[in-house]
Trainee: 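Okay, handing you the structure first.
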Amino acid sequence: MTVVIIGGGASGMIAALTAAQNGHHVQILERQARVGRKLLSTGNGRCNLTNLNMGETHYHGQSPAFIRPAMSLFGTQQTLDFFHGLGLLTVAEESGRVYPLSDQAGSVVDVLRFALEEAGVEVRTGFEVSALKKKGDVFRITSAEGEMLTCDRVLICCGGMAGGKLGGTQSGYELLKAQGHSATKLFPALVQIKTDNTYVRSLKGVRADAAVELRQGETVLDASQGEVQFTEFGISGPVGFELSRTAATAKGKLTAHIDLLRQVSMPQLQQALEDRVRTMPHLTMENLLVGLLHNRLGRTVLRYAGYGLADPVRSLRPADLKRIAAAMKDFALPVLGVHGFDGAQVTAGGIHTDEFDPQTLQSRLVSGLYAAGEVLDIDGDCGGYNLQWAWASGYLAGLLK
């Protein structure tokens, strides 16, 4: 049987390997100059392959339960066994995130490329599919340059719109819509959150171990804790990425409430400030928070609380110290949205999953047509969950059940 995989990303490569290992003649059609280009940027170039703490709660979409058959067949352990079988050594961090021991995403792409060659998969790069049609039992694929291919089965593994500069594209959605499928609204996810930058513009590059809540009025819509990285436009880092889906999709005004000293209680913090004023009364305000927060962050919080930096700390009253402590425990920034798809690592939303059989990932509308990975309405949290979905769904689709 002849099989064409449209898209040479994570899900496309593993689908191709699976199909080839089951005796099919397989071609990958990749519009870029090489396969796995987007994969090279994952995990800040380290490639967060999967996570030891897997679970359905880490996935989103109109029906997260759609992932169950694929994940039960090809979960975290199967992913690790698969890559170890290709000669890739891996290491797991305390958080559960798994990376190649080399700490290089290129190692992951290389072992996949070598495996594709060994399995006899034909990889055609620079091949942009412009049309897909089925006539009888045969699919006809037309390139942007007019070349036509025919095959028995087609797997759409084009990815989503995220990371346009690295290969993000709408083509998968368009090809599937042309076959009668429909899509949800699309949003950028795992992306920087934009906030009012009155206070953050001076904090570019500063990191803090913080707890963040996204609130709509008094209602907490989402929360996370860990590393926050400030940018000139808002917040990023693992926590920013984890909350970005909510920031992108929620309706109405949101505020990010940041606890900059999540390990310290309000009474403890007030006491620490009182002790500092008592023992170091000659300090100026700009040095009041030295040792508690990053220097730039400390000065910014003082400005946020309404204090100048040149005044002596001995002028502070208990009410002032309470106000400063409160600013550290609730540094509130109005949310303006998120950065666009070019800066996103994943697309939230996609082709409706109820139009595909979760046991096979074959289209319910067109027999012989399959889809896997980001093009479907499934996206995961930050931490290797999206790649795990790519591996699992690619493997299941590649079985061509």
Side-chain angles (χ1 to χ4, degrees), residues 40-46 48 95 97 103 105 162-166 168 187-215 222-248 250 253-264 284-310 324-346 381-383:
L40 290 171
S41 70
T42 60
N44 289 321
R46 298 173 61 205
N48 185 184
S95 63
R97 300 181 184 210
D103 232 18
K165 294 178 181 178
L166 297 171
F187 299 92
L190 301 192
V191 66
Q192 294 181 17
I193 297 175
K194 293 194 292 186
T195 69
D196 180 288
N197 71 347
T198 303
Y199 296 103
V200 300
R201 68 165 67 98
S202 63
L203 296 176
K204 183 180 179 181
V206 172
R207 290 177 168 85
D209 180 19
V212 183
E213 292 182 345
L214 288 186
R215 298 183 200 167
D222 205 350
S224 183
Q225 56 186 20
E227 184 183 292
V228 171
Q229 181 176 344
F230 291 96
T231 73
E232 59 188 313
F233 303 108
I235 57 175
S236 184
V239 168
F241 277 17
E242 286 172 13
L243 298 177
S244 62
R245 191 184 202 278
T246 299
K253 294 182 179 180
L254 295 179
T255 303
H257 292 264
I258 307 174
D259 181 348
L260 295 166
L261 286 169
R262 65 187 181 97
Q263 311 284 8
V264 183
T284 55
M285 285 291 292
E286 67 175 338
N287 295 314
L288 175 65
L289 303 183
V290 169
L292 295 175
L293 297 175
H294 184 288
N295 288 350
R296 264 194 287 155
L297 182 54
R299 291 193 291 269
T300 299
V301 167
L302 289 169
R303 286 195 296 268
Y304 169 84
Y307 293 89
L309 301 181
I324 293 168
M328 286 191 277
K329 296 295 287 180
D330 189 7
F331 185 53
L333 303 171
V335 174
L336 305 180
V338 298
H339 281 255
F341 283 103
D342 277 354
Q345 291 190 9
V346 71
D381 290 340
C382 184

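Computed from a predicted model, the values in this text were never measured in an experiment. The first residue in the sequence is number 1, and the count goes up from there.
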Trainee: List the steps and the verdict of side-chain contact (heavy atoms from CB on, under 4.5 Å) for Asn295 and Val290.
Mentor: CA-CA 6 Å; Asn295 288 350; Val290 169; 3.7 Å; yes
Trainee: If every non-hydrogen atom of Asp196 is compared with every non-hydrogen atom of Thr198, which pair is closest and at what distance?
Mentor: OD1-OG1, 2.6 Å
Trainee: Over all heavy atoms of both residues, which pair between Asn48 and Gly383 is shortest? Give the atoms and the distance, please.
Mentor: OD1-C, 2.7 Å
Trainee: Please check: side-chain N/O of Lys329 versus main-chain N/O of Val264, any donor-acceptor pairing under 3.5 Å?
Mentor: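 Present.
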Trainee: So which heavy atom on Ala256 is nearest to which on Ile235, and how close?
Mentor: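 Nearest heavy atoms, Ala256 then Ile235: CB-CD1, 4.5 Å.
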Trainee: Run the side-chain contact (heavy atoms from CB on, under 4.5 Å) test on Cys382 and Arg97 for me, step by step, so that the C-alpha distance in whole Å, both residues' side-chain angles and the decisive distance to 0.1 Å come before the verdict.
Mentor: CA-CA 10 Å; Cys382 184; Arg97 300 181 184 210; 3.8 Å; yes
Trainee: Please round to the nearest 0.5 Å and tell me the distance separating atom CG of Leu333 and atom CD1 of Ile193.
Mentor: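 Going from CG on Leu333 over to CD1 on Ile193, the span is 10.0 Å.
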Trainee: Hey, mind stepping through Arg262 and Asp209 against side-chain contact (heavy atoms from CB on, under 4.5 Å) and telling me if it holds?
Mentor: CA-CA 7 Å; Arg262 65 187 181 97; Asp209 180 19; 2.8 Å; yes
Trainee: Spell out, as yes or no, whether a donor-acceptor pair under 3.5 Å connects the side chain of Tyr304 to the backbone of Ala332.
Mentor: yes
Trainee: With a 3.5 Å distance limit and no angle check, can you tell me whether Arg299 reaches the backbone of Leu309 through a side-chain donor-acceptor pair?
Mentor: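 Side chain of Arg299 to backbone of Leu309: no pair is present.
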Trainee: Using a 3.5 Å distance criterion without hydrogens, assess whether the side chain of Ser244 forms a donor-acceptor pair with backbone atoms of Ala247.
Mentor: no
Trainee: At their closest point, which heavy atom of Arg215 faces which heavy atom of Asp330, and how far apart are they?
Mentor: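 Smallest heavy-atom distance, with atoms named: NH1-OD2, 4.5 Å.
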Trainee: Supply the atom-to-atom distance Leu243 CG to Glu213 CD, rounded to the nearest 0.5 angstrom.
Mentor: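 Leu243 atom CG to Glu213 atom CD measures 10.0 Å (nearest 0.5 Å).
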Trainee: Drop me the distance from Leu214's CG to His257's NE2, to the nearest 0.5 angstrom.
Mentor: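 Spacing of CG (Leu214) from NE2 (His257) equals 9.0 Å.
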Trainee: Just verifying a value: how many Å separate Gln225 CD and Glu242 CD, rounded to the nearest 0.5 Å?
Mentor: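 Gln225 CD to Glu242 CD: 9.5 Å, rounded to 0.5 Å.
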Trainee: Can you measure from CD1 (Ile324) to CG (Leu302) and round to the nearest 0.5 angstrom?
Mentor: 5.5 Å
Trainee: Check Phe241 against Ser236 and note the closest heavy-atom contact, atom names and distance.
Mentor: CE1-OG, 3.5 Å
Trainee: To the nearest 0.5 angstrom, please state how far the CE atom of Met328 sits from the CG atom of Asp259.
Mentor: 10.0 Å
Trainee: Of the non-hydrogen atoms in Ala189 and Ala344, which two are nearest, and what is the gap between them?
Mentor: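 Looks like O-CB, 3.4 Å.
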Trainee: Taking the side chain as every heavy atom from C-beta outward, state whether Thr300 and Phe331 have any atom pair closer than 4.5 Å.
Mentor: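 Yes, their side chains come closer than 4.5 Å.
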Trainee: Checking the side chain of Arg296 only, and the main-chain atoms of Lys204 only, is there a donor and an acceptor separated by less than 3.5 Å?
Mentor: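 Checking the backbone N and O of Lys204 against the side chain of Arg296, a donor-acceptor pair under 3.5 Å is found.
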Trainee: Check the pair Val212 / Ser224 against side-chain contact (heavy atoms from CB on, under 4.5 Å), numbers first and verdict last.
Mentor: CA-CA 5 Å; Val212 183; Ser224 183; 5.7 Å; no
